[in-house]
Asks: 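Can you read through this structure? Questions will come right after.
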Amino acid sequence: MFAFDNELVLLSYVPKKGKYVLLLSNMHQGASVSESGLPEIIEFYNSTKGGVDMFDQMCSTYSCNRKTQRWPLCVFYGIINSSCLNAYVILRHNMTTVGAHVQPREMFLLSLGEAMMTPWMEKRLVMQNLPRLIRENIADQLGKNVPETSTTLQGEGAKRRCHLCPRSKDRKSKIQWRLNIVPEDALFHKNEHFLNVTKILKFLRNREFDIWCRHPQKEKGVVLFKQYPGANKWICKHEGLSNSEWRDGIKMVGNVAAVRAVPERSQDNRCRHFHNEVETLAHVLGSCPHGEALRNTRHHQVRSIIATALKHADYNTFEEVHGLSVTGSTRRIDIIAFKESTRSGYIIDPTVRFETDEEQPAEVDNEKKEYLQSYHSLLPQKNTG
């Protein structure tokens, strides 16, 4: 069925029952039908629709679309995608015509994006009311230095927002740069006209960390992150840990692990693996047989890693060796490693425990020495002749 309105033609075509196609054209004038029985508008569309599909495919390859519920923003994304593709097609045609090298579309889009953002970033770089961290990131992208602002102390005046504090705090004061920091001289640049913001933030961060370390209860273990930075790199880089293991470790450090004893966590606060005790964090890390099995598995993994490293260093290495102390008691020695050429060796006992306080490493060291020292008299002594 055809409908006409001046220069427009509307076609309603039903190729089969239950399916119809609507086409609007300002190119065709009459109700002409080809020899195949299809309207001329349908045949013309079929012969040219490949370009539309190719255009949609190329737009989706490098798309700027983002998830949103605002339909005007969807239209804007479509305009950006179409404009960028059209610009690249024109550029490619012009460069091919003059015989010049045509850069890949990916590089063209990157150059186009940088050219569009640079004027706006340069404008924001000189905004004094913009947080300094944002201005520093902009300066890094532009390869420029952040314009310095005067930081001399000023007297009473209009309230202004402190640019050191987070913007969400919205802290205002009539006195500018009045900081509770001692000594202040170390926080100035050499010319003593500008404060060193990096040193101020580091000083405040360290001071807050020391306050947390002095708390008597939950925060007592925080000091471990300062005393053993190498062993606590897993906080920032969870190499060797899965995402779930790293997340559970963070929760246990903060004593917010999802155990059933947490109020309103579960109607039944009994252990989900062994129902005879309340599921607290202390139970999970201590007497729970399931937790003990997990710790033993972790211990065996650590032991295997150490033993493998010793074997690569040409040590004769033995794991899980049954030993006999001078008191007659038996105990398994995790690792015995020695070199026949040097007649020297090691007894190694890896220990996997959850950190509790700063005295724990010394306590574990003394505990291991007490029973490992009993093997000393049974080891071959160096012949002094």
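Side chains included, hydrogens not; waters and symmetry mates left out as well; all remaining heavy atoms used.
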Asks: Examine Ile79 and Tyr62 and state if one hydrophobic cluster contains both, with Ile, Leu, Val, Met, Phe, Trp and Tyr joined whenever side-chain heavy atoms are less than 4.5 Å apart.
Replies: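 Ile79 and Tyr62: separate clusters.
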Asks: Closest heavy-atom contact between Cys59 and Asn81?
Replies: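 That closest heavy-atom pairing would be SG-O, 4.1 Å.
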Asks: Could you grab the distance from atom OG of Ser63 to atom CD1 of Ile80, nearest 0.5 Å is fine?
Replies: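 Ser63 atom OG to Ile80 atom CD1 measures 11.0 Å (nearest 0.5 Å).
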Asks: Considering only heavy atoms from C-beta outward, does the side chain of Tyr45 approach that of Val21 to under 4.5 Å?
Replies: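 No. Closest side-chain heavy atoms not under 4.5 Å.
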Asks: Quick check on the hydrophobic clustering: are Met95 and Leu109 connected, directly or via other members, by side-chain heavy-atom contacts under 4.5 Å?
Replies: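 Hydrophobic grouping puts Met95 with Leu109.
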Asks: Within the 4.5 Å heavy-atom criterion, are Arg66 and Leu73 side-chain neighbours or not?
Replies: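 Answer no - side chains too far apart.
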Asks: Closer than 3.5 angstrom, by distance alone: can the side chain of Arg124 be matched with the main-chain N or O of Ile134 as a donor-acceptor pair?
Replies: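 Between the backbone of Ile134 and the side chain of Arg124 there is no qualifying donor-acceptor contact (under 3.5 Å).
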Asks: Please check if the side chain of Ser47 supplies one atom and the backbone of Phe44 the other of a donor-acceptor pair under 3.5 Å.
Replies: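 A pair under 3.5 Å: yes.
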Asks: Which atom names give the shortest non-hydrogen contact between Cys84 and Phe108, and what distance separates them?
Replies: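 Here Cys84 and Phe108 meet closest at O-CE2, 3.8 Å.
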Asks: First locate atom CE of Met1, then atom OH of Tyr20, and finally report the distance between them rounded to the nearest 0.5 Å.
Replies: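 Going from the CE atom of Met1 to the OH atom of Tyr20 covers 11.0 Å.
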Asks: Count the heavy atoms of every other residue, nucleotide or ligand shown that sit under 6.0 Å from CG of Asp140, and state whether that count exceeds 12.
Replies: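 Enclosed.
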Asks: Please round to the nearest 0.5 Å and tell me the distance separating atom CD of Glu114 and atom CG of Leu142.
Replies: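 One finds 10.0 Å between CD of Glu114 and CG of Leu142.
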Asks: Assigning hydrophobic clusters by single linkage (Ile, Leu, Val, Met, Phe, Trp, Tyr; side-chain heavy-atom cutoff under 4.5 Å), is Leu24 placed with Val9?
Replies: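 No: no chain of side-chain contacts under 4.5 Å links Leu24 to Val9.
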Asks: Below 4.5 Å, heavy atoms only, C-beta onward: do Met58 and Arg105 meet side chain to side chain?
Replies: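 In contact.
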Asks: What I'd like to find out is whether the side chain of Tyr13 reaches to under 4.5 Å of the side chain of Leu23, using heavy atoms alone.
Replies: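 No; the side chains remain at least 4.5 Å from each other.
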Asks: Are Tyr88 and Phe55 linked, directly or through intermediate hydrophobic residues, by side-chain heavy-atom contacts shorter than 4.5 Å (ILVMFWY only)?
Replies: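 Different clusters: Phe55 never reaches Tyr88 through Ile, Leu, Val, Met, Phe, Trp or Tyr contacts under 4.5 Å.
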Asks: Considering non-hydrogen atoms only, spot the tightest contact between Glu319 and Ala307 and give its length.
Replies: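 Scanning both residues completely, I find the closest heavy atoms to be OE2-CB, 3.4 Å.
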Asks: Any heavy-atom pair between the side chains of Trp120 and Met117 that's under 4.5 Å?
Replies: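 No; the side chains remain at least 4.5 Å from each other.
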Asks: Any chance you could measure His273, atom NE2, to Cys288, atom SG, to the nearest 0.5 Å?
Replies: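 His273 NE2 to Cys288 SG: 6.0 Å, rounded to 0.5 Å.
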Asks: CG of Leu10 to CD1 of Ile41: how many Å apart, nearest 0.5 Å?
Replies: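 If we round to the nearest 0.5 Å, Leu10:CG and Ile41:CD1 are 8.5 Å apart.
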Asks: Of all the heavy-atom pairs spanning Met121 and Ile138, show the shortest one and how long it is.
Replies: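 Minimum heavy-atom contact is O-CG2, 3.5 Å.
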Asks: Between the main-chain N or O of Tyr315 and the side-chain N or O of Thr317, is there a donor-acceptor pair closer than 3.5 Å?
Replies: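 At least one qualifying donor-acceptor pair exists.
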Asks: Determine whether Arg270 and Val278 make a side-chain contact, defined as any pair of heavy atoms from C-beta on separated by less than 4.5 Å.
Replies: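 The answer is yes; the side chains approach within 4.5 Å.
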Asks: Evaluate the side-chain proximity of Ile348 to Asp334: yes if any heavy-atom separation is below 4.5 Å, no if none is.
Replies: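 No, too far: nothing below the 4.5 Å cut-off.
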Asks: For atom OH of Tyr346, decide whether the heavy atoms of other residues, nucleotides or ligands shown that lie under 6.0 angstrom number more than 12.
Replies: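 No.
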Asks: Are Leu11 and Phe4 grouped together when hydrophobic residues (ILVMFWY) are joined by side-chain heavy atoms under 4.5 angstrom apart?
Replies: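 They do share one cluster, since a chain of ILVMFWY contacts under 4.5 Å joins Leu11 to Phe4.
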Asks: Would you name the heavy atoms of Arg92 and Thr96 that are closest together and state the gap between them?
Replies: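 Of all heavy-atom pairs spanning Arg92 and Thr96, the closest is O-OG1, 2.6 Å.
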Asks: Decide yes or no for Leu294 and Arg298: does some side-chain heavy atom of the first lie under 4.5 Å from some side-chain heavy atom of the second?
Replies: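 The answer is no; the side chains never approach within 4.5 Å.
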Asks: Distance from Thr351 atom OG1 to Arg303 atom CZ, nearest 0.5 Å?
Replies: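 Atom-to-atom, Thr351:OG1 and Arg303:CZ are 12.5 Å apart.
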